[in-house]
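Here the structure is laid out as structure tokens; the discussion comes afterwards.
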Amino acid sequence: MDQVLKILVAPDSFKESLSAEEVAEAMRMGAMDAAQVMARGVEVDVCPVADGGEGTVNALVRAMGGEVRRSEVTEPLGRRIVARWGLCGETGIVEMAEAAGLGLLSEGERNPMRTTTYGVGLLLKEAMDAGAKRIIMGIGGSATNDGGCGAAQALGVVFYDNGGEIIEQQISGGLLGKVSRIDVEGLDERLKNGEVKLEVACDVRNVFCGEHGAARVYGWQKGANAVEIGELDAWMLQLGALMARDCGVDVMGMAGAGAAGGLGGGAVAMLKGALRSGIELVLEAVDFEQRVQWADVVISGEGKMDGQTSEGKVLWGVERACERVGRPMWVVVGAVGTGVDLGAGNGGHQEGMKGGMQGGIAVSEGHERGWAMVHAKELVREGTARIVKNVLATF
Ligand SMILES: Nc1ncnc2c1ncn2[C@@H]1O[C@H](COP(=O)(O)OP(=O)(O)OP(=O)(O)O)[C@@H](O)[C@H]1O
Ligand SMILES: O=C(O)[C@H](O)CO
């Protein structure tokens, strides 16, 4: 009798079209379709993941066996919003995108000069009030570039302007240029005295400012124009220097400090947080290496595979795990950025991603983008079926 092919499906969400759970389910069905057509046996382990950005609460609550809670906080433009967060025993899971995510704003509203992470600070407070002693804060997918100052303000940190006056408004990217002193004395006692430990799960490894910094790399997707990006970057440089002087922490060259518009760096300097790779933290929580060991083949995916992918996103983390364990990895993605070659599902290679990655399929290829977004479920199912048929043919 033919051997059963063991498949681990471990995708991220396809932002704007499918959640990670939906992608994983479509992949599972695609694998079953292939098994039926080829009259072969497959077993599928379904493991939706996240990298600190959207979907992190779901992935961690599912893995750690906690519950999802809801709290009213504020969104990036200050309007009231109900945000989801997780409580798993004494561990709180906060996803910054729930209170400051790009997906909360319409395209016309996106503008990092006006947006703030204030609501993220409120969410952290909710988790502490509920008794969390350890908080994992997933960061990424943000609409903000405020260096985490808004969140810090919500937790008692005070910012002064050039004239020595307290800045009373919630700090947005556009106010960063005004900050000339940071006073962390009033920081929430629970963070200040270490009663609550903050772990910051970053979706990328970018630095605080400069060419590879928050504003220059991610400002575009948040709606900033070239002039605004230049201003934001210069203000981040200034803010980094203030953090070194007033908080005693140098975030400048720190990998991940530039995640989520600099919330990474801000959380370390002002909230006593420790940075971690989001995908590595999530993969650890779901026992990923053990699951890869069980599998003969791993299939992952994300909405768009591009230059950001190798900055520490889901595919980067999954690929590293596959390489360590020695299992082939295939991808089904929505679309690819320029220069990414997936080899049409028959083998290929992405610059910067070595070894385990065999190739994959971009499901929108040959379709109009809007159509591919609406039909993402069927397309992921079909794409996965094609890959699994190829794998079964030589298994
Ligand atoms: N079904 C689809 N077909 C084509 N393109 C898609 C589809 N779904 C999502 N995308 C593209 O993927 C983009 C989002 O990419 P992705 O899901 O990788 O998010 P990201 O912001 O790059 O990263 P992350 O989720 O890791 O923070 C969308 O803006 C869209 O252009
Ligand atoms: O939020 C952002 O800026 C990106 O996801 C990188 O962290």
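Position 1 is the first residue of the sequence, and the numbers go up from there. Since this is a predicted model, take the numbers as computed values, not measurements. Each ligand, and each atom within it, is numbered from 1 in the order the structure gives. The figures that follow rest on heavy atoms only: side chains count, while hydrogens, waters and symmetry mates do not.
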Return all side-chain donor-acceptor pairs below 3.5 angstrom for residues 204-212, not counting sequence neighbours, or 'none' if the list is empty.
unit_1	atom_1	unit_2	atom_2	d
Arg205	NE	Glu311	O	3.3
Arg205	NH2	Ser310	O	2.6
Asn206	OD1	Tyr218	OH	2.7
Asn206	ND2	His212	O	3.0

Quiz item: In this structure, are over 12 heavy atoms from other groups packed under 6.0 Å from Glu289 atom CD?
Solution: yes
Practice problem: Mind checking the CG-CG spacing from Leu77 to Leu105? Nearest 0.5 Å is all I need. | Solution: 5.0 Å
Practice problem: For ligand 1, list the protein residues that place a heavy atom within a distance below 4.0 Å of one of its atoms, sorted by chain and number. | Solution: Asp12, Ser13, Phe14, Lys15, Glu16, Ser17, Asp51, Asp203, Glu302, Gly303, Lys304, Gln308, Lys313, Gly334, Ala335, Ser364, Arg369, Ala372, Met373, Ala376
Quiz prompt | For ligand 2, the residues whose heavy atoms come within less than 4.0 Å (ordered by chain, then number) | solution = Gly140, Gly141, Ser142, Asp203, Val204, Tyr218, Lys222, Ala259, Ala260, Gly261
Quiz item: Hey, which of Val120, Leu124, Leu123 is the one that makes side chain to side chain contact (heavy atoms under 4.5 Å, CB included) with Val73?
Solution: Leu123
Quiz item: Less than 4.0 Å between a side-chain N and a carboxylate O, is that true for Arg79 and Glu109?
Solution: yes
Self-check item: Pairing residues for Trp220 by the ring-ring contact (aromatic ring centres under 6.0 Å, His included) criterion, not counting sequence neighbours
Solution: none
Self-check item: Val179 and Ile171, any side-chain heavy atoms less than 4.5 Å apart
Solution: yes
Quiz item: Any side-chain heavy-atom pair from Met236 and Asn145 closer than 4.5 angstrom?
Solution: yes
Quiz item: Roughly how far, to the nearest 0.5 Å, is the CG atom of Leu18 from the CE atom of Met373?
Solution: 9.0 Å
